Structures are given as C-alpha cells and as structure tokens.
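Everything below concerns the one structure shown next.
Bear in mind the structure is a predicted one, so any value in this text is a computation, not a measurement. Chain letters run A, B, ... following the sequence lines, proteins first and then strands; every chain starts at 1. As a basis for the values below, the full set of heavy atoms in this structure was taken, side chains included, without hydrogen atoms, waters or symmetry mates.
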Protein chains: 2
Amino acid sequence: MGAEGHADGTVGKALDVLDMVASHGRPVRFSELLTESAFPKATLYRFLQTLTHQGMLAHDPDRGTYSLGVRLVRLAHAAWAQSSLAPIARPYVDELAEKTGETIHLAQMDLGQVLYVDKRNAARPVEMFAQAGKVGPAYCTGVGKAMLAYLPEEALEAALARQSFHRHTEHTLDSPAKLRTELKAIRARGHAFDREEHEPGIICCAVPILSRAGRAIGALSVTSTTARTTLAALEARAGLIKDIAARISAEAESWRFPEQG
Amino acid sequence: MGAEGHADGTVGKALDVLDMVASHGRPVRFSELLTESAFPKATLYRFLQTLTHQGMLAHDPDRGTYSLGVRLVRLAHAAWAQSSLAPIARPYVDELAEKTGETIHLAQMDLGQVLYVDKRNAARPVEMFAQAGKVGPAYCTGVGKAMLAYLPEEALEAALARQSFHRHTEHTLDSPAKLRTELKAIRARGHAFDREEHEPGIICCAVPILSRAGRAIGALSVTSTTARTTLAALEARAGLIKDIAARISAEAESWRFPEQG
DNA sequence: GACAAAGTTTCACATAATGGAACCAAAAGG
DNA sequence: CCTTTTGGTTCCATTATGTGAAACTTTGTC
C-alpha cells in the first residue's frame, strides 16, 4: 500500500503524477500509469489532462503516450540559472578540470542532501546538465562532508537527522558520532576526503566554497579511482582546489550581494 | 485584466505561482509575489506553503525568501534529458555551426511560444544554457513560423490565439490572416524566413524538425544580419539545414521509440 | 460481427480550496 | 516606552472544485 507517504492536497497529487511520468524515462501509456497508481481511472485521466494542458506534460496523440513537457524544460533553465553557483563557477570549474584532467563536481546543499549542479567528466570533455541535476547523500560523499563541516550547529543537527547512514561500503561512516569526528578533522585541515565511502574504488578530495560569513554555499571536488591514483596524490591537489574555491567564493559574493560595505 | 489568461484549476494556479518564482531569477519575498499576483494574501500563502512542502520551492527562513526547490531541479533534469531536443541534437548543431559560421538556434514550441533550447553564437564559439532557455514569440521568428506551419489545424488555432501580433518592425506580419498565408508558403517550400520581422537588421532561414508522423517537434535556424549577408545567400544554405534537421529527426525518433518495426 | 481492451465523458456527492478578517511579530517612528 | 506600520501567519464559514463509479465510445482482435 502506497509506500510513498504524505500526498496531501490536489496539487500534491498532481505532482505525484508528474513524478510518475518522469520516473519512467520514456513516453508512457495511460494504462501503464493507471496500473501503478492508486488513483481511479477518471481521476488519473483528469490530472494528465490538466498537466498536459499546462505544458508540464506532452501528449502524443498518435501513440497515445505522455512525456515530460517543455514547460519543465523552461523551468530547468530557470533552476539552473538560479542555483546561482553553477553559472558563476563555470569558468573556474573549467579551469580546474583542465589543470587536473580529472572528474570535477560542483555541488550545493539542499535539505541535508547534496545537489550536483555541475560536473566535468574526465573522459567526455564537455558534457553537462544531463549529468548535473542529480541528488545524492551528504554523509558519504566528499562534497557532502565538506559542506556539513561548515554548517552552523543548528542546521547540522537538522541535516544529520536526514541522513540515512546506510553502509554503502565497508568504509562508510555509519553513525552521527563517527561523522562528527570526521567533520572536526575536515575543519582542521580545510578539505574533505571520500575514502571509498560511497562506491568502492571511487575516491575524492573536496573543498567547501565559503561565503564571507563562513557559511558553506557549495563545494568543489576532484574525483578519481583507486586504480588510477591515490588519496595522497589527490591531496597534493588540495591547494589548487582551495584556490579555485576561493575565487568562486569571491565571485559569488560580489554577484549575490553587489551592495554592501 | 490579468493579461495572462486561462489559469484553470487549482493545479494551474499553483503552477503559475511556480512560474512566478522562477521568472524572478533570484530568491523572492512573499510580499513581492503578493503585489504582482492577483491572488489574495491567504491564497498565495497557501500555495507557497504547499509548493514548499512538496519540494518544488525552497523557503529560506532567515531571509524569508522563496526559490526553486530540489524536486523541481530533479524533474527539470529529467525533462531536459527526456524531452528536450538539445542533448540529442547537440553534435548536429555543432556541425551546422561549424559549416556555416553563423549563429544557430534550436527551438521547441511551448504553448504557442518559442523556447530556445540551444544556441551557438557566431562570435563567441561555445556559449550555452545561460543563453538557451529564453522564450520568444512564434509569429515573428523564423523557428516559430517553421513550427507553426506544421501544426495540425486545431493546435494552430490555439497557438494563433496566443500570439500578440505586436508590430515589432515594419516587416512584422501583424495579423492571423497574413501569417496563415505565409505559413502556406512555408509548407510549400519547406523552410521559413525571418525578414527582419522581429528585430531590424536580423534575418534568418529556419527549417522544422519533423517527426515521422509529420509533426513539428522543433526547429533549427541559421541567423545573420543584413549587414553581413542577404536572404538569398541564407536560402542557399536551406538544403544543408534541412539535411541536418532530417538527421536530428531520425536520431530523435530512434531515441524516443527504440522498439518499433 | 461479436468481444475485449483502452480511452473518454458524465454527474450526484463530498472534500478541499477560497479569501475576508483577525491575529501576531518585528521593525520604524514618535 | 508606547504607537504605528509593514510583513507574515492563522481562522473559519462559504462554496467552488475535485472526486470516482459507472456509462459510453473508440480501437483493436479473433
């Protein structure tokens, strides 16, 4: 029975339908949606009509399928532009990618989760958005820990409460206590590691992007594999990453708060 | 009043609120939204609450501002990957840009408006996303007319009703009648022109990207200025543009519907 | 031509949205 | 320190809106 949870209000239900379509990753038939949703026929039908009429979904009358609509694409651009760090940081991220030749992640914190807002892949030189936009856990990723380390106590508390502490690998820090110890170490040295805590073989070195007030407004990381490099070699890059992060920070500060003394 | 139009249903209204927040491009205060929306205080407030609770918006309690939320970013990401021509068309657009050396636009139709999903600028070689995402009128742009020309009658009707027919320049087609005549000519020759109809000095040649069923799923255009070239010279490129458009179409078709006979 | 499956419309009913007004908190101003 | 204003949140009677079983219309199948 509805593993989901709280779907209160008409708007909430409509958004659930949207999510359902999105989760398929391809055009879906009405009947497919009907079988997997708890909504009665007519209700589901009306939601699909409304969402289509609103441009959030697109209906292909020939094939009788629904897919995500252009209005969402437009919102995608707005969201991208508004997640402020990405457009500002772009040239700096490019620079870091070029200098290291490794995979770069730019992330922001949202409700205890990590939101990747930009990415440069080592293999495929310029790919984007298709990669960005993903969300991930904070407690077991480099960027996540880097940002958690600079959260004010109250916000940290809230964020920790939202972590699953699922043990992805044998190195995963699987309790708030262990994580807090690690966060202290991160603050001491100014950068965070991912020691195969999320995926085996994947390591990274991450640095927070701090506002003037000392809050983490994002994080930047260089990722690689144990097959190709070592944690020590990645740490050698920490200075460079911090430098780039500082420049992004300065740029962001002047952009977001042009008027100040 | 309310220049907008038909905002039917609760869901539609909520989405309008979403759009409103998105359109600001920065975190917005409740009161700002209140002044520019027609909704009464309590109603607007409830929508904001709902959308925030649903993760479509994020509320910053310190500053008391609303911005786009993670769920939206996730949906937007999916929409970009699934429903936008941009990722599929990218290599072909690159090719066209290189071969022509002119500004290229890739657009899709969004409720009677043109949504630019990718762009290559003649001057600055690789700029993107920041530029893309803009919306423009359909009745006075090359890509817009190219797509309108291949809309089924019913959809065309709806789209025409949404055009302002504002006379941007002396060449603007400023009535549905004139536009319909033009659309017929476009269908006859397979490509559309922008004869300085939107901005003086700006001309373009645009081609629709058609699905197998003959529907316009997007449009592709080469833009230049009267200072640098002529309409005739642009038309000489029509064959090339059509070729590229056909290849994008084929790619899109096979991508969206992998299983078919 | 009969049968089934998928999709669309209807309509009596109840839930859920509505918005004016009251309320609260925190600045501004005297 | 007390008043006023501005910005934000909660109440609650009213009614518009959403609801979903069932009937109906395609469209496809044997």
Side-chain angles (χ1 to χ4, degrees), chain A residues 1-2 4-21 24 26-54 56-67 69 154 259-260, chain B residues 1-2 4-21 24 26-54 56-67 69 152 154-155 158 212-213 215 257 259-261:
Chain A
M1 3 212 80
E4 289 310 292
H6 38 75
D8 62 329
T10 313
V11 174
K13 292 179 201 169
L15 291 176
D16 283 347
V17 173
L18 236 200
D19 266 353
M20 240 166 70
V21 175
H24 276 81
R26 66 183 163 78
V28 213
R29 277 224 146 60
F30 173 74
S31 54
E32 295 186 69
L33 295 168
L34 183 58
T35 52
E36 70 192 89
S37 85
F39 297 114
K41 227 183 188 182
T43 305
L44 211 216
Y45 182 73
R46 205 163 351 87
F47 276 134
L48 290 172
Q49 287 256 106
T50 305
L51 289 169
T52 301
H53 183 67
Q54 292 292 331
M56 299 296 280
L57 291 178
H59 178 60
D60 180 342
D62 300 327
R63 308 197 172 237
T65 56
Y66 294 87
S67 49
E154 192 177 317
E259 74 312 333
Q260 59 92 49
Chain B
M1 349 237 99
E4 288 310 290
H6 35 74
D8 61 330
T10 313
V11 175
K13 292 178 200 170
L15 292 176
D16 283 347
V17 172
L18 232 202
D19 266 353
M20 240 167 72
V21 175
H24 275 81
R26 66 183 162 78
V28 212
R29 277 221 148 62
F30 173 75
S31 54
E32 295 186 70
L33 294 168
L34 183 58
T35 52
E36 70 192 89
S37 85
F39 298 114
K41 226 182 187 183
T43 305
L44 210 216
Y45 180 74
R46 204 160 355 85
F47 277 133
L48 254 19
Q49 287 255 108
T50 305
L51 288 170
T52 301
H53 182 69
Q54 292 291 332
M56 298 297 280
L57 291 178
H59 179 60
D60 180 344
D62 299 327
R63 302 187 177 246
T65 57
Y66 294 88
S67 48
E154 192 176 317
R212 185 165 313 190
R215 284 165 181 281
F257 318 107
E259 73 314 330
Q260 60 90 47

When we call it a touch if two heavy atoms are under 4.0 Å apart, what does A/R29 touch: a base, just sugar-phosphate, or nothing? sugar-phosphate

Tell me the interatomic distance from A/R46, atom CZ, to D/dA21, atom P, rounded to whole angstroms. 12 Å

Measure OH/A/Y45 against P/D/dT26 and give the value in whole Å, please. 12 Å

Measure from CD on A/Q49 to P on D/dG20 and round the result to the nearest Å. 17 Å

Mind checking if A/T43 touches a base, just sugar-phosphate, or nothing, with heavy atoms under 4.0 Å? base

Which sits closer to the 5' end of DNA chain D, A/T10 or A/A42, going by the nucleotide each is nearest to? A/T10

Measuring only between side-chain heavy atoms, which start at C-beta, is B/P27 closer than 4.5 Å to B/R63? no

Starting at atom CG of B/L44, determine the distance to atom C1' of D/dT9, rounded to an integer number of angstrom. 13 Å

Is A/L34 close to A/Y45 at the side-chain level, that is, under 4.5 Å between some pair of heavy atoms? no

Boundaries of the DNA chain C segment in contact with chain A, non-hydrogen, under 4.0 Å: C/dG7 to C/dA17

Would you indicate whether the side-chain heavy atoms of A/L33 and A/H24 approach each other to under 4.5 Å? yes

Assign each of A/G64 and B/F47 the nucleotide of DNA chain C bearing its closest heavy atom; nearer the 5' end lies the nucleotide of A/G64

Got a second to check how far B/M56's CE is from A/L15's CG, nearest 0.5 Å? 5.0 Å

Apply side-chain contact (heavy atoms from CB on, under 4.5 Å) to residues B/T65 and B/E32 and explain how you reach the verdict. CA-CA 10 Å; B/T65 57; B/E32 295 186 70; over 6 Å; no

Separation of D/dA21 P from A/F39 CZ (nearest whole Å): 13 Å

For atom NZ of A/K13 and atom C1' of D/dG20, their distance in whole Å: 11 Å

B/L44 versus B/F30: any side-chain heavy-atom pair under 4.5 Å? yes

Output the rounded distance in Å from CG (B/L34) to P (D/dG8). 9 Å

Atom-to-atom span, CG of A/L51 to P of D/dG18 - whole angstrom: 12 Å

The answer to which of A/S31 and B/K41 contacts DNA chain C further toward the 5' end, by nearest nucleotide, is A/S31

Kindly assign one of parallel, tilted or perpendicular to the pair B/Y66 and B/H59, based on the angle between their ring planes and the thresholds 30° and 60°. tilted

